[in-house]
Amino acid sequence: MPARVFSLVAAILLSAAPLIAADSDLILHSGKIITVDATFAIAEAVAVKDGRIVAVGRTADVLARERGPKTQVIDLKGQTVLPGLTDTHTHPLGAAVSEHNTPFAVLRSFADIRNYIREQAARTPKGEWIQVPKTFPGRLAEMRMPDRAVLDAATDHPVFYDASYASSVNSYVLKMSGITKDTADPPGSRIVKDAKGEPNGILVGRASSLIKNAPRPRSFTELEQIDALEQMLKRYSAAGLTSIGDRGTSAEAFALYTSLKKQNRLPLRIVMTARLRPEEIERSTWTTGQGDEWLKWGSFKVGLDGGMNAGTAYMREPYGPFGAQLFGIDDPRNRG
């Protein structure tokens, strides 16, 4: 058997069910079972029945008590069994449709961004949009938002860089949209300027609404969304995740999850966060814990300001000089 690490569900590792009669579905033995209990004990074997852990302990004991004629028995030969990983903040549907046609590009520096833009420009008709995949500035080697000098790697195309609660555009877009040093900041937002007072391409908050002829998200059929969502959930599972928290579930996404569940196509467990407008919460029939272990509601989410990844979330203390650099905001006293 090829060397690999087995991944089990974290929740059931934390609290094993009481011992039951023999004939477990699966026994993994002669390995290192990371229990993550109060003492972080490491056991030799684990038995599973009906998707639940029923025994953890020494190999000889577990085999003697839990093995039956139909039990699948796997000798780990010293390999490690880890609890399943849980990612508590994901946005599966948005990620899924964004990768429906184009694989996500990993961008780690301004050089990567410039190369990506040039590659797209070579295959995109002049005048058509080039959208840089969403990348927060904290993931770039330069640790700051790219400005128009970076995005001007293409001068015959409008270029848009997405940082969720902030964005950057190239000189083409600034000119096309009529954004100049005299353009007023939208309420609560900013057009970031350079030392000469000219817009440097970074648009914070609702300033992005000033972009003319902005690229519109492509529409997808229900079948396309279901298939794309399933593929994204499978990517999570392949990375070792056994459960996720969807931190912005709409009624549309809930219907897609429900459809996948009915077809037995959910590869992992999902706890949903209902993202509603304040006035919608009282009318909602969703309640925390509603559902089952595969698909259920967790919390409610209401957004009132912005995002920490773009320096727009309102903070008790200023973001400081580092935050100013990271988000392209020239005021270290900025609190979002």
Side-chain angles (χ1 to χ4, degrees), residues 6-15 17 25 48 50-53 82-104 131 133-136 162 164-165 216-304 307-309:
F6 291 92
S7 181
L8 295 178
V9 179
I12 58 179
L13 267 174
L14 288 172
S15 55
D25 298 322
V48 179
D50 297 329
R52 298 284 180 178
I53 288 178
L82 295 175
L85 303 177
T86 299
D87 190 328
T88 60
H89 194 138
T90 65
H91 295 280
L93 181 56
V97 296
S98 73
E99 295 193 41
H100 186 267
N101 294 322
T102 305
F104 184 73
Q131 298 187 61
K134 182 181 292 185
T135 305
F136 293 119
D162 183 7
S164 195
Y165 296 97
R216 294 180 178 275
R218 191 201 129 181
S219 60
F220 294 87
T221 67
E222 181 179 357
L223 181 59
E224 287 176 326
Q225 291 182 79
I226 289 175
D227 289 341
L229 181 57
E230 181 185 24
Q231 293 306 312
M232 180 56 63
L233 297 178
K234 286 182 176 179
R235 293 187 186 100
Y236 293 156
S237 180
L241 299 180
T242 56
S243 61
I244 61 169
D246 183 328
R247 295 293 287 157
T249 310
S250 62
E252 176 188 45
F254 176 54
L256 298 176
Y257 283 134
T258 301
S259 179
L260 286 174
K261 183 174 181 292
K262 288 181 178 178
Q263 299 175 56
N264 295 317
R265 292 166 63 185
L266 285 180
L268 39 66
R269 293 165 172 79
I270 300 165
V271 179
M272 299 171 291
T273 298
R275 187 168 191 172
L276 304 173
R277 292 187 292 272
E279 65 273 15
E280 292 177 316
I281 293 180
E282 291 185 355
R283 299 197 303 267
S284 175
T285 59
W286 299 330
T287 59
T288 297
Q290 182 179 353
D292 58 27
E293 65 176 15
W294 281 96
L295 182 65
K296 65 183 177 181
W297 290 103
S299 57
F300 288 86
K301 179 178 182 179
V302 178
L304 300 176
M308 188 169 62
N309 285 315

statement: Heavy-atom closest pair (Leu85 atom, Ala239 atom, distance to 0.1 Å) is CD1-O, 4.4 Å
message: Could you work out, with salt bridge (charged side-chain N to carboxylate O under 4.0 Å, His left out) as the rule, every residue matching Asp227, not counting sequence neighbours?
response: Arg265
Atom pair OG (Ser98) and CZ (Arg218), whose distance is rounded to the nearest 0.5 Å: 12.0 Å
- prompt: Is Asp246 close to Phe254 at the side-chain level, that is, under 4.5 Å between some pair of heavy atoms?
  reply: no
message: Other residues, nucleotides and ligands only: do more than 12 of their heavy atoms fall within 6.0 Å of CD on Gln231?
response: yes
message: Checking Ala228 now: which residues fulfil side chain to side chain contact (heavy atoms under 4.5 Å, CB included) with it, not counting sequence neighbours?
response: Ala96, His100
query: Considering residues at least two apart in sequence or located in another chain, which fulfil the salt bridge (charged side-chain N to carboxylate O under 4.0 Å, His left out) criterion with Lys234?
result: Glu230
query: To the nearest 0.5 Å, how far apart are CD in Gln290 and NZ in Lys296?
result: 12.0 Å
message: Set out, in order, the CA-CA distance, both residues' side-chain angles and the distance that settles ring-ring contact (aromatic ring centres under 6.0 Å, His included) for Phe300 and Trp286, then state yes or no.
response: CA-CA 9 Å; Phe300 288 86; Trp286 299 330; 7.5 Å; no
statement: Residues at least two apart in sequence or cross-chain that pass side chain to side chain contact (heavy atoms under 4.5 Å, CB included) with Arg216, listed by chain then number, are none
task: Return the set of residues passing side chain to side chain contact (heavy atoms under 4.5 Å, CB included) with Ser299 (not counting sequence neighbours), or none when no residue passes.
output: Arg247, Thr273
- prompt: Taking the side chain as C-beta and beyond, is there a heavy-atom pair between Leu93 and Gln225 under 4.5 Å?
  reply: yes
Gln263 CD: over 12 foreign heavy atoms closer than 6.0 Å: yes
statement: Between Ser243 and Leu268 the two heavy atoms that sit nearest each other are N-CB, 4.3 Å
task: Determine the minimum heavy-atom distance between Pro267 and Ser237, stating which atoms define it.
output: O-OG, 4.1 Å
message: Less than 4.5 Å apart, side chain to side chain, heavy atoms only: is that true for Asp87 and Tyr236?
response: no
query: If you measure from NZ on Lys261 to CD1 on Ile270, what distance do you get to the nearest 0.5 Å?
result: 10.5 Å
- request: Taking the side chain as every heavy atom from C-beta outward, state whether Leu260 and Leu233 have any pair of such atoms under 4.5 Å apart.
  value: yes
task: Could you tell me which non-hydrogen atom of Lys134 sits nearest to which non-hydrogen atom of Phe104, and how far apart they are?
output: O-CZ, 3.6 Å
Asn264: partners by side chain to side chain contact (heavy atoms under 4.5 Å, CB included), with sequence neighbours left out: none
field: Separation of Thr86 OG1 from Leu241 CG (nearest 0.5 Å)
entry: 7.5 Å
query: Under 4.5 Å between any side-chain heavy atoms of Asp50 and Asp25, yes or no?
result: yes
- prompt: Rounded to the nearest 0.5 Å, what separation is found between the CZ atom of Phe136 and the OH atom of Tyr165?
  reply: 8.0 Å
- request: To the nearest 0.5 angstrom, please state how far the CD atom of Glu293 sits from the CZ atom of Arg52.
  value: 4.5 Å
